[in-house]
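Reading through the structure tokens given below for one structure.
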Amino acid sequence: EHSWTSLILEHANRRQGRQALKIYEDMRKDGVEPSPHTFLALLKACSCLQDLKRTKQVHAEVVMSGFESDVDINTMLVDVYAKCRSLVDATLAFDKMPHRDVVCWNAIILAYAQTGKVEQSLHFYARMQQEGVVPDRLTYISILKACTYLAGLKTREENGGLHVLQSILEIVRVIHANLRKRKFQSDVVVGNMLIDVYGKCGSLKDARCVFEAMPRRTVVSWNAVIFGYARMKEGEEALRLYTRMQREGVQPD
RNA sequence: AGGUCCUAGCGAU
């Protein structure tokens, strides 16, 4: 069983989802019983296929094998259903969970965040705290993702979105304050997201401030700040940053 | 044996 699972996982990691599912069929034909690890590997395959129908089939197999209340599997189901763009199924899986830890709260927050549903993300964020679960770095990242996605939509609208951008900006400032309090502000991914979202909200000043304060930067940090200026038609500053990036030995990608 | 994570682009849809 272990070797079957490794094989499935390997194909899933190489984004060969269909192969992975086929191997699972062979495994069952050989009369081998799947373990929770098998399903985690299968769900990873579903996640890259983004195929709702197949995900539901795997879900059915999970139930038949008696792993319906496995926390890890359910968390992954929430995530995969969201990647298949079925928030309904993601939410159903989430609601069925008897016990919820921070990881699964993060998964549902991210599920809504991925399509810019800021209000719902914040709603789950509030609920998790009511239930005594302490947010972690990924919780904040997930909420920032919701803000980023929505801000990205609104900046592309020529005029209409200005007041929305303003309210997103206010939310981001609150999250930013929390991140400072929790000492997550020096995290690279967090920093990258703040640069991006501040830029998309039109606040290059905040974006730049975060960028300059970062203890460590990656090419993503540079991209985010450069695209921020470019978006606001500040081509010259974007170019200056681009040359500075090269001077500091970071390769463009 | 690894349940949730960043920008842009490219594919897929």
Side-chain angles (χ1 to χ4, degrees), chain A residues 1-10 12-13 15-18 34-44 46-53 62 67 69-85 90 93-94 97 99-114 121 124-125 128 133 135-149 151-152 179 184 187-200 207 210-211 214 216-231 238 241-242 245 250-253:
Chain A
E1 177 274 319
H2 186 174
S3 55
W4 284 103
T5 298
S6 314
L7 201 55
I8 293 170
L9 188 59
E10 212 173 287
N13 285 335
R15 332 211 68 186
Q16 299 164 331
R18 297 211 42 137
S35 76
H37 291 284
T38 314
F39 289 115
L40 291 175
L42 272 179
L43 286 170
K44 180 169 264 192
C46 292
S47 142
C48 71
L49 286 175
Q50 302 191 359
D51 180 335
L52 183 59
K53 216 176 112 197
V62 167
F67 298 126
S69 53
D70 183 292
V71 182
D72 294 359
I73 291 177
N74 276 290
T75 302
M76 190 134 185
L77 276 168
V78 170
D79 182 53
V80 176
Y81 276 133
K83 295 208 163 102
C84 296
R85 290 174 238 69
F94 178 82
M97 297 183 70
H99 169 76
R100 304 190 187 93
D101 62 8
V102 64
V103 178
C104 96
W105 282 103
N106 290 348
I108 193 74
I109 291 171
L110 186 70
Y112 282 87
Q114 273 161 347
S121 291
F124 281 108
Y125 174 65
M128 93 184 255
V133 178
D136 67 5
R137 171 182 161 273
L138 246 33
T139 314
Y140 295 109
I141 286 177
S142 302
I143 291 173
L144 284 177
K145 178 108 175 169
C147 298
T148 304
Y149 185 96
L179 286 162
F184 292 137
D187 180 87
V188 189
V189 172
V190 166
N192 292 347
M193 294 193 79
L194 285 170
I195 294 169
D196 185 41
V197 73
Y198 275 132
K200 282 174 177 156
V210 171
F211 177 80
M214 286 175 86
R216 196 170 75 81
R217 302 185 186 101
T218 64
V219 66
V220 176
S221 328
W222 289 96
N223 279 346
V225 73
I226 289 170
F227 275 83
Y229 282 100
R231 194 181 299 115
L241 281 161
Y242 181 75
M245 170 177 97
V250 177
Q251 292 302 319
D253 63 352

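Residue numbers start from 1 in every chain, and the chains themselves are labelled A, B, ... in the order their sequence lines are given, proteins ahead of strands.
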Ring-plane angle category for A/F124 and A/Y112, please: parallel below 30°, perpendicular beyond 60°, tilted otherwise. tilted
Walk along nucleotides 2-12 of chain B from 5' to 3' and tag each nucleotide B, S or - by protein heavy-atom contact under 4.0 Å, base first, then sugar-phosphate. SBBBBBS----
Between the side chains of A/E10 and A/S6, does any donor sit under 3.5 Å from an acceptor? no
Indicate whether any N or O donor in one side chain lies under 3.5 Å from an N or O acceptor in the other, for A/Q50 and A/R85. yes
What distance separates A/I141 CD1 from A/D136 CG, expressed to the nearest 0.5 Å? 8.5 Å
Do the rings of A/Y140 and A/F184 sit parallel, tilted or perpendicular, given the 30° and 60° boundaries? tilted
